[in-house]
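Down below is the structure, laid out as structure tokens.
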Amino acid sequence: MKPIFARGISNQFRLTLAIFLSVILLVSNDRLEPVRLSISSILSPLQYVANIPGAILDWSAESIATRNMLQKQNKELLRQQLLMSERLQRFEHLRQENDRLRALLGSPVHMDAKKVVAEVMEVASDPFRHFVVLDHGERSGVYVGQPVVDARGVVGQVVEVNALTSRVLLISDVTHAIPVRVTRNDVRLIAQGTGELDELEIRHVAKSTDLRVGDLLVSSGLGKRFPEGYPVARILSVEKDDGQSYAKVIAQPLAALDRIRYLLLIWPDGLTPKDNPKSEDELKSDESDVEPPAETEVSQ
């Protein structure tokens with residue numbers, strides 16, 4: 001069967017039609033702008049919907065990255081704060097020494113002691129025992145008898161060490177005692193825990209001893225546990241009863257024992273267990289040689 005039209009549209013006609021339509025579109029371009037805007041407005045919500053998955057992924061990635069960055073910054077700032085606070089405590093001690101024109105040569109204060117920030121993992125649930133568990137142990141070089149401080153002052157000492165954790169006995173525990181001295185006049189005393197987190201007792205103080213409310217007590221360095229110069233407590237009250245042989249002196253610990261989270265482990269003189277391999281019993285023996293009631297503790 002033959003087609004009705006033997007020939008189709010010629011190429012010349014197609015070219016002429018294309019040129020004609022192009023000219024019409026060019027001329028009517030400005031008039032079609034409102035139509036395009038209307039169509040774009042109608043379709044714009046669909047574009048937002050299509051971009052939602054990508055936006056969610058971008059926001060999630062940015063939020064996670066920002067959170068991790070803030071956590072790292074907070075940990076680093078806290079570490080720096082603890083280190084700077086420890087240095088300020090030492091500088092305060094040196095300032096007081098200079099005010100009294102004491103020679104610093106041969107002083108037992110060492111500014112280059114090794115320090116590590118540790119986090120509290122557990123707090124004693126027994127109301128009659130005051131200790132915390134830290135997330136550093138033998139693998140970090142922690143040893144029994146190691147001094148522990150926070151941003152304000154002495155917290156306690158390590159009494160038990162495992163591979164990954166260690167137990168710290170707080171200075172407020174009734175079994176703990178620490179040799180201290182008054183920065184104002186160098187009077188040496190023993191601060192004993194009372195079982196209260198905000199209270200220490202200074203025992204066997206003669207009535208003639210020059211003590212005042214507000215006096216700062218720092219570690220004396222005796223007993224070979226706590227380095228000299230770390231703040232321990234401030235005297236709250238001094239009572240001298242004629243019917244008693246000794247004065248009753250109460251002090252308040254400077255360390256925030258009721259809300260500690262991060263602590264500072266100190267290696268005096270930069271020692272490690274290899275350099276100082278003494279056992280707990282040997283350390284107790286050394287303390288008793290220097291000052292019998294200096295520091296006491298019970299086995300955990």
Side-chain angles (χ1 to χ4, degrees), residues 78-100 102 104 107-113 115-118 120 130 132 145-158 168-173 176-194 196-203 205 210-238 249-269 291 294-295:
L78 180 59
R79 187 186 69 84
Q80 293 179 3
Q81 179 187 5
L82 286 173
L83 293 175
M84 295 303 296
S85 297
E86 187 270 341
R87 292 181 182 179
L88 287 175
Q89 294 172 22
R90 292 301 186 89
F91 292 153
E92 177 65 17
H93 167 67
L94 292 178
R95 184 188 66 80
Q96 294 164 356
E97 294 289 326
N98 288 331
D99 290 342
R100 292 190 296 268
R102 291 183 56 182
L104 295 179
S107 173
V109 177
H110 298 277
M111 305 299 293
D112 55 351
K115 312 170 191 71
V116 171
V117 176
V120 175
H130 293 179
V132 296
Q146 184 170 5
V148 181
V149 303
D150 70 354
R152 299 181 181 180
V154 175
V155 170
Q157 60 179 299
V158 177
V168 176
L169 187 69
L170 304 184
I171 59 175
S172 58
D173 192 275
H176 192 284
I178 175 174
V180 297
R181 68 176 181 83
V182 181
T183 58
R184 180 173 56 84
N185 52 16
D186 279 342
V187 172
R188 299 187 183 276
L189 307 164
I190 300 294
Q192 177 78 38
T194 62
E196 300 291 336
L197 290 175
D198 59 349
E199 185 177 292
L200 297 178
E201 183 180 2
I202 312 300
R203 299 181 178 180
V205 178
D210 181 16
L211 295 180
R212 302 176 186 174
V213 174
D215 279 346
L216 177 63
L217 305 178
V218 299
S219 54
S220 65
L222 299 179
K224 300 182 180 180
R225 285 286 179 96
F226 296 94
E228 180 185 358
Y230 281 97
V232 177
R234 284 191 181 276
I235 295 179
L236 288 180
S237 64
V238 179
V249 183
I250 301 298
Q252 182 178 20
L254 294 179
L257 301 180
D258 58 339
R259 52 184 180 274
I260 51 179
R261 182 179 178 185
Y262 294 96
L263 298 176
L264 203 62
L265 291 163
I266 299 177
W267 281 259
D269 304 325
E291 188 172 350
E295 297 167 8

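Heavy-atom basis, side chains included; hydrogens, waters and symmetry copies ignored.
Across Pro253 and Leu197, no two heavy atoms sit closer than the pair CG-O, 3.7 Å. The heavy-atom pair separating Ala151 from Ser85 by the smallest distance is O-CB, 3.2 Å. Between Gln146 and Leu265, the closest heavy-atom pair is NE2-CB, 3.7 Å. Here the closest heavy-atom approach between residue Val218 and residue Pro231 is recorded as CG1-CA, 3.9 Å. Scanning all heavy atoms of the two residues, the minimum distance from Val187 to Asp210 falls at CG2-O, 4.5 Å.
Between Thr194 atom OG1 and Arg203 atom CZ the span is 9.0 Å, to the nearest 0.5 Å. Distance CD1/Ile171 to CZ/Phe226: 7.5 Å, rounded to 0.5 Å. For the atom pair Asp186 CG and Arg181 CZ, the distance stands at 5.0 Å (nearest 0.5 Å). Annotation: the span from Asp258 atom CG to His130 atom NE2 amounts to 10.5 Å, rounded to 0.5 Å. With rounding to the nearest 0.5 angstrom, the CD1 atom of Ile178 is 9.0 Å from the CG atom of Leu200. Taking CH2 from Trp267 and NZ from Lys115, the interatomic distance works out to 11.0 Å, rounded to the nearest 0.5 Å.
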Exercise. Are Glu201 and Ile250 close enough, and set up right, to give a side chain to side chain contact (heavy atoms under 4.5 Å, CB included), and what steps lead you there?
Worked result: CA-CA 5 Å; Glu201 183 180 2; Ile250 301 298; 4.3 Å; yes

For this session: Could you check Asp215 against Thr183 for side chain to side chain contact (heavy atoms under 4.5 Å, CB included), going step by step and ending with a plain yes or no?
Result: CA-CA 7 Å; Asp215 279 346; Thr183 58; over 6 Å; no

For this session: Given side chain to side chain contact (heavy atoms under 4.5 Å, CB included), test Leu216 with Val182 step by step and report yes or no.
Result: CA-CA 6 Å; Leu216 177 63; Val182 181; over 6 Å; no

For this session: Go through the steps to decide whether Gln252 and Glu199 satisfy the test side chain to side chain contact (heavy atoms under 4.5 Å, CB included), and finish with yes or no.
Result: CA-CA 5 Å; Gln252 182 178 20; Glu199 185 177 292; over 6 Å; no

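Residues Pro179 and Ser219 are not in side-chain contact: their nearest non-hydrogen atoms beyond the backbone lie 4.5 Å or more apart. Side-chain contact between Val180 and Ser220 is absent, with no heavy atoms from C-beta onward closer than 4.5 Å. Residues Leu82 and Tyr262 form a side-chain contact, since some pair of their non-hydrogen atoms from C-beta on lies under 4.5 Å apart. Counting heavy atoms from C-beta outward, Asp198 and Leu257 have side chains that stay 4.5 Å or more apart. You'll find the side chain of Ile260 reaches within 4.5 Å of the side chain of Val155, heavy atoms only. With a 4.5 Å cut-off on side-chain heavy atoms, Leu264 and Val148 do not count as touching. Put simply, the side chain of Leu263 reaches to within 4.5 Å of the side chain of Val132, judged on heavy atoms. Counting only heavy atoms from C-beta outward, the side chains of Ile190 and Ile202 never approach each other to under 4.5 Å.
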